[in-house]
Amino acid sequence: MKNYTTQAIRNVVLLGSTKAGKTSLAEAMLYEGKVIDRRGTIEDKNTVSDFNDFEKTNQRSIYATPLYAEFMEKKINFIDAPGADDFIGGAFAAFKVCDSGILVINAQQGVEVGTEIIMRHASKHNLPIIIAVNQLDTEKADWEMVQTSLRESLGNAIVNVQFPVNAGPKFDGFVDVLMQKYYHFKDENGTREDLPIPAELADKAAQYRAELTERAAEFDDALMEKFFDTGELTDDEIRKGLNRGIVQGKLYPVFCVSARRDIGVKRLMEFLGRVAPSPEGTTNSTIDGKAVECKAEGPVSIFIYKNDVEKNLGEVSYFKVMSGKLTAGVELEDAASGNKERLSAIYAVAGQKKEPVNELCAGDFGCAVKLKNGRSGITLSETGSGIVYEKVVYPAPKYTCAIKAKVQQDDQKLGDALKKITSTDPTVVVEYSRELRQTILNCNGEQQLNIVKGILTNDYKLDVEIFAPKVPYRETITKVAAAQYRHKKQSGGAGQFGEVHLIVCPAEGELNTKFKIDGKDTVLNVKTQEVTDLEWGGKLEFYNCVVGGAIDLGFMPAILKGIKEKMTEGPLTGSYARDIRVFVYDGKMHPVDSKEIAFIIAGRNAFKEAFRNAGPKILEPIYDVEVMTPSEYQGAVMSDLQNRRGMLGDMGADKGFAILKARVPLAELYRYSTTLSSLTSGSATFSMKFADYQPVPGDVQEKLLKEYQDTDEEE
């Protein structure tokens with residue numbers, strides 16, 4: 001492979017809903033770029049990008065696959081990204097390293113829900129978009145329907161570079177109004193004839209050309225002036241205007257394609273080479289706020305956007321050269337950790353095909369194998385440059401469950417397997433909750449969960465259980481209560497003795513030290529105080545009000561320790577307790593038997609008794625949920641949220657979608673993504689974010705207390 005300059009590189013991500021034909025388009029691009037000499041198909045399970053066993057079985061893309069094609073003295077790097085929202089992480093990684101995207105539209109369906117979802121994500125990342133209307137050779141292909149749906153979704157930003165001839169099973173060509181030619185295809189292998197535009201299509205072509213010219217002129221003052229003067233622009237001037245409109249995100253050129261028959265793919269690639277933005281001159285932000293320009297003259301730096309484990313190679317790290325020229329054998333540094341890494345060999349990547357290269361210029365894609373620190377999100381840069389790029393920010397997981405091995409002896413093996421899975425797919429997040437004493441698995445939906453389970457079963461030979469996680473409730477109090485506890489233990493030798501008298505009340509409002517103790521109004525005198533911000537939220541205020549030396553000051557830390565121990569396992573449900581004031585006002589000690597352990601136990605049990613008499617209340621986590629659903633499903637979604645004890649809030653609308661906001665208890669959100677998909681035929685999306693803790697209703701509290709009591713009895 002020849003070396004390509006930054007200006008000659010194009011980095012593109014293939015986007016679109018499931019079944020739009022992205023993988024078929026990738027095959028055709030590989031074929032036109034001479035990377036393969038025969039195009040595979042999804043049905044035959046022999047495509048370059050969907051080479052994973054799960055992808056072959058499901059006949060859909062699950063992982064984003066980096067590919068390349070050499071075409072017209074350009075190198076086109078492209079990433080085939082999955083269409084399902086459950087696997088959106090691949091697209092997000094591509095947004096970080098690609099300079100434009102091809103949005104693939106199914107000519108039978110037009111703009112689908114998946115199209116809308118991916119366009120919203122692409123828009124937030126300011127990704128320039130080119131549209132390829134695919135499957136124009138199918139029975140139900142409908143060009144006019146596609147046009148209508150595109151304009152409804154994207155408005156006047158749509159501009160047609162081409163229009164099809166004989167859309168449907170007889171589709172065999174299209175008119176290109178930029179090139180002012182009719183491209184006719186003679187066979188199934190993309191063999192085309194470049195012909196004059198037929199007379200019967202001349203008027204339509206002239207109309208499309210005039211619209212294309214006017215839209216291209218909008219983004220350059222000189223072009224606009226010439227257009228007003230002459231009404232025309234040259235082809236190169238149109239390309240210049242289109243480039244500016246695309247880069248600004250205000251123009252979406254539309255192309256005609258049948259990827260299965262390789263119709264229109266070569267022309268699309270020509271456009272990419274001539275008009276799509278190159279990485280040259282773009283900048284990337286570092287974690288310290290600096291901007292590093294993508295150019296060959298700068299210090300060498302690469303960003304690893306994906307890593308994988310391949311059976312024959314081991315760990316593979318896929319990267320983009322963000323600046324400088326990368327050469328095989330160079331030693332780079334992970335400036336964040338100080339670790340050194342030698343890239344003994346570097347490769348150009350087309351799926352499983354890895355071609356050794358000596359050099360990759362700024363903007364190019366490549367991979368290296370068996371790096372010590374080759375995880376996704378890592379920056380490797382020239383020693384001393386200090387360059388560390390911002391990592392990819394993935395969407396928050398929407399599906400949470402607990403997981404454990406069916407055989408307890410496999411727990412360690414399960415932990416190791418999950419660690420490897422999360423290293424190759426950052427959208428799968430695993431954590432062990434000390435509070436819940438469960439391993440929590442977070443992912444984007446049930447489809448992704450099923451893939452994780454499949455990997456554990458097939459690759460690691462593990463049987464696992466998936467179930468609803470416990471809810472991280474909190475416990476607090478609503479009124480004042482007092483208690484005392486004496487711990488006395490005698491066992492022949494030295495004994496244990498400690499007695500603690502204390503008062504508890506909610507940690508809210510101004511500090512009040514006036515209480516009724518043994519029927520008498522008493523004002524406590526605070527000697528020392530300690531306020532602890534609890535790691536699980538809320539606080540503990542501890543006040544030493546002991547007078548007359550009833551308890552030595554040296555035993556106060558032991559009493560506080562006992563109270564904190566009990567707060568990690570609240571008296572009601574074993575959940576964390578929070579927002580409590582404790583006043584230790586009296587007690588007793590023994591000159592010989594009083595020890596730290598005695599006051600730990602006395603403090604813990606006095607607190608437990610007082611807590612139970614202080615109007616204890618269980619708090620539950622509340623989440624802000626935002627649902628985006630087609631308007632026809634709005635009623636069903638609202639009803640379901642209310643059935644989940646949700647409190648509906650603001651409502652809005654966006655391009656035919658209703659936007660619903662609600663506050664919903666976490667306890668009611670298990671498998672919500674699956675239910676929402678069922679209610680809306682997969683057309684709705686949602687996000688959720690922790691809001692605060694609120695008291696549970698009385699009936700829910702009674703149920704939780706009963707469940708905890710039953711669990712205690714079983715144990």
Check this for me: Lys325, atom NZ, are more than 12 non-hydrogen atoms of other residues, nucleotides or ligands nearer than 6.0 Å?
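Not buried by this count: 12 neighbours or fewer within 6.0 Å.
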A quick test of your reading: do over 12 heavy atoms of other residues, nucleotides or ligands sit less than 6.0 Å from CD of Glu315?
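Incorrect, the count does not exceed 12.
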Output a table of donor-acceptor pairs, distance under 3.5 Å, between side-chain atoms of residues 274-283 and any protein atom two or more places apart or on a different chain; print 'none' if there are none.
| residue | atom | partner | partner atom | Å |
| --- | --- | --- | --- | --- |
| Ser278 | OG | Glu280 | N | 3.3 |
| Thr282 | OG1 | Pro279 | O | 2.7 |

Please step through ring pair (Phe, Tyr, Trp, His ring centres under 6.0 Å) for the pair Phe686 and Tyr672, ending with a clear verdict.
CA-CA 9 Å; Phe686 81 102; Tyr672 179 62; 5.0 Å; yes
Residue pair [X] / [Y], side-chain donor-acceptor N/O under 3.5 Å:
X: Tyr576; Y: Glu535; answer: no
X: Asn450; Y: Glu446; answer: no
X: Thr400; Y: Asn442; answer: yes
X: Thr47; Y: Thr23; answer: no
X: Glu390; Y: Asn284; answer: no
X: Gln447; Y: Arg60; answer: yes
X: Asn77; Y: Asn11; answer: yes
X: Thr629; Y: Thr680; answer: no

Could you give me the CA-CA distance, side-chain angles and deciding distance for Tyr670 and Cys401, then say whether side-chain contact (heavy atoms from CB on, under 4.5 Å) is met?
CA-CA 8 Å; Tyr670 179 57; Cys401 60; 4.1 Å; yes
Does any part of the side chain of [Y], heavy atoms only, come nearer than 4.5 Å to the side chain of [X], both counted from C-beta?
X: Met119; Y: Glu116; value: no
X: Thr327; Y: Asn358; value: no
X: Ser381; Y: Leu332; value: no
X: Val388; Y: Thr286; value: no
X: Ile62; Y: Ile451; value: yes
X: Leu380; Y: Val300; value: no
X: Thr18; Y: Glu112; value: no
X: Val316; Y: Val309; value: no

Is the shortest distance from a Lys or Arg side-chain nitrogen in [X] or [Y] to a carboxylate oxygen in the other one below 4.0 Å?
X: Lys404; Y: Asp411; value: no
X: Glu333; Y: Lys340; value: yes
X: Asp86; Y: Lys398; value: no

Is a side-chain N or O of [X] found less than 3.5 angstrom from the main chain of [Y], in a donor-acceptor match?
X: Lys45; Y: Ile42; answer: no
X: Glu355; Y: Met1; answer: yes
X: Lys470; Y: Glu435; answer: no
X: Ser323; Y: Pro299; answer: yes
X: Asp425; Y: Ile421; answer: no
X: Ser677; Y: Thr674; answer: no
X: Ser681; Y: Ser683; answer: no
X: Gln108; Y: Gln135; answer: no
X: Thr422; Y: Lys419; answer: yes
X: Arg10; Y: Gly273; answer: yes

Atom pair [atom1]/[atom2] of [X] and [Y] - distance to nearest 0.5 Å:
X: Tyr4; Y: Asp364; atom1: OH; atom2: CG; result: 9.5 Å
X: Thr427; Y: Phe92; atom1: OG1; atom2: CZ; result: 10.5 Å
X: Asn106; Y: Thr138; atom1: CG; atom2: OG1; result: 6.5 Å
X: Met322; Y: Glu293; atom1: CE; atom2: CD; result: 13.0 Å
X: Ile346; Y: Ser317; atom1: CD1; atom2: OG; result: 13.5 Å
X: Leu15; Y: Ile102; atom1: CG; atom2: CD1; result: 9.0 Å

Among residues at least two apart in sequence or on other chains, which ones pass ring-ring contact (aromatic ring centres under 6.0 Å, His included) with Tyr305?
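Residues passing ring-ring contact (aromatic ring centres under 6.0 Å, His included) with Tyr305: Phe365.
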Using the side-chain contact (heavy atoms from CB on, under 4.5 Å) rule, take Lys306 and Phe319 through it: C-alpha gap first, then chi angles, then the decisive distance, then the call.
CA-CA 7 Å; Lys306 168 187 167 71; Phe319 58 79; over 6 Å; no
Where do Leu669 and Met688 land on the side-chain contact (heavy atoms from CB on, under 4.5 Å) test, with the steps shown first?
CA-CA 10 Å; Leu669 287 171; Met688 53 187 280; 3.8 Å; yes
Can Lys320 be said to sit on top of Phe303's aromatic six-ring, NZ or CZ under 6.0 Å from centre and within 45° of the ring axis?
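Judged by the rule (NZ or CZ under 6.0 Å from the ring centre, within 45° of its axis), Lys320 is not positioned above Phe303.
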Is the positively charged end of Lys391 above the ring of Tyr389, judged by distance under 6.0 angstrom from the centroid and angle within 45° of the axis?
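Verdict for Tyr389: no cation-pi partner in Lys391.
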Tell me, which pairs form a side-chain hydrogen bond (donor to acceptor under 3.5 Å, both in side chains) where one or both residues lie in residues 341-354, sequence neighbours left out?
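The answer is Glu310-Lys354.
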If a pair satisfies ring pair (Phe, Tyr, Trp, His ring centres under 6.0 Å) and one of its residues is in residues 263-298, list it, with sequence neighbours excluded.
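Qualifying pairs, neighbours excluded: Phe255-Phe271.
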Donor-acceptor contacts under 3.5 Å from residues 29-38 side chains, at least two apart:
none

Give the intermediate values and the outcome of salt bridge (Lys or Arg N to Asp or Glu O under 4.0 Å) for residues Lys2 and Glu73.
CA-CA 10 Å; Lys2 62 174 286 188; Glu73 299 302 311; 3.1 Å; yes
Go through the steps for Thr685 and Val113 under the test side-chain contact (heavy atoms from CB on, under 4.5 Å), then give the verdict.
CA-CA 9 Å; Thr685 60; Val113 174; 5.6 Å; no
Working for salt bridge (Lys or Arg N to Asp or Glu O under 4.0 Å), residues Arg260 and Asp137:
CA-CA 9 Å; Arg260 185 178 64 87; Asp137 58 329; 2.6 Å; yes
What orientation do His125 and Phe95 show, parallel under 30°, tilted 30 to 60°, or perpendicular over 60°?
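Aromatic pair His125/Phe95 classed tilted.
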Could you list the residues that satisfy side chain to side chain donor-acceptor pair (under 3.5 Å) with Thr424, not counting sequence neighbours?
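Testing Thr424 for side chain to side chain donor-acceptor pair (under 3.5 Å), a comparison that skips the adjacent residues, returns none.
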Option passing side-chain contact (heavy atoms from CB on, under 4.5 Å) with Leu67 (candidates Val349, Val12, Ile76, Asp80):
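When Val349, Val12, Ile76, Asp80 are each tested with Leu67, the side-chain contact (heavy atoms from CB on, under 4.5 Å) holds only for Asp80.
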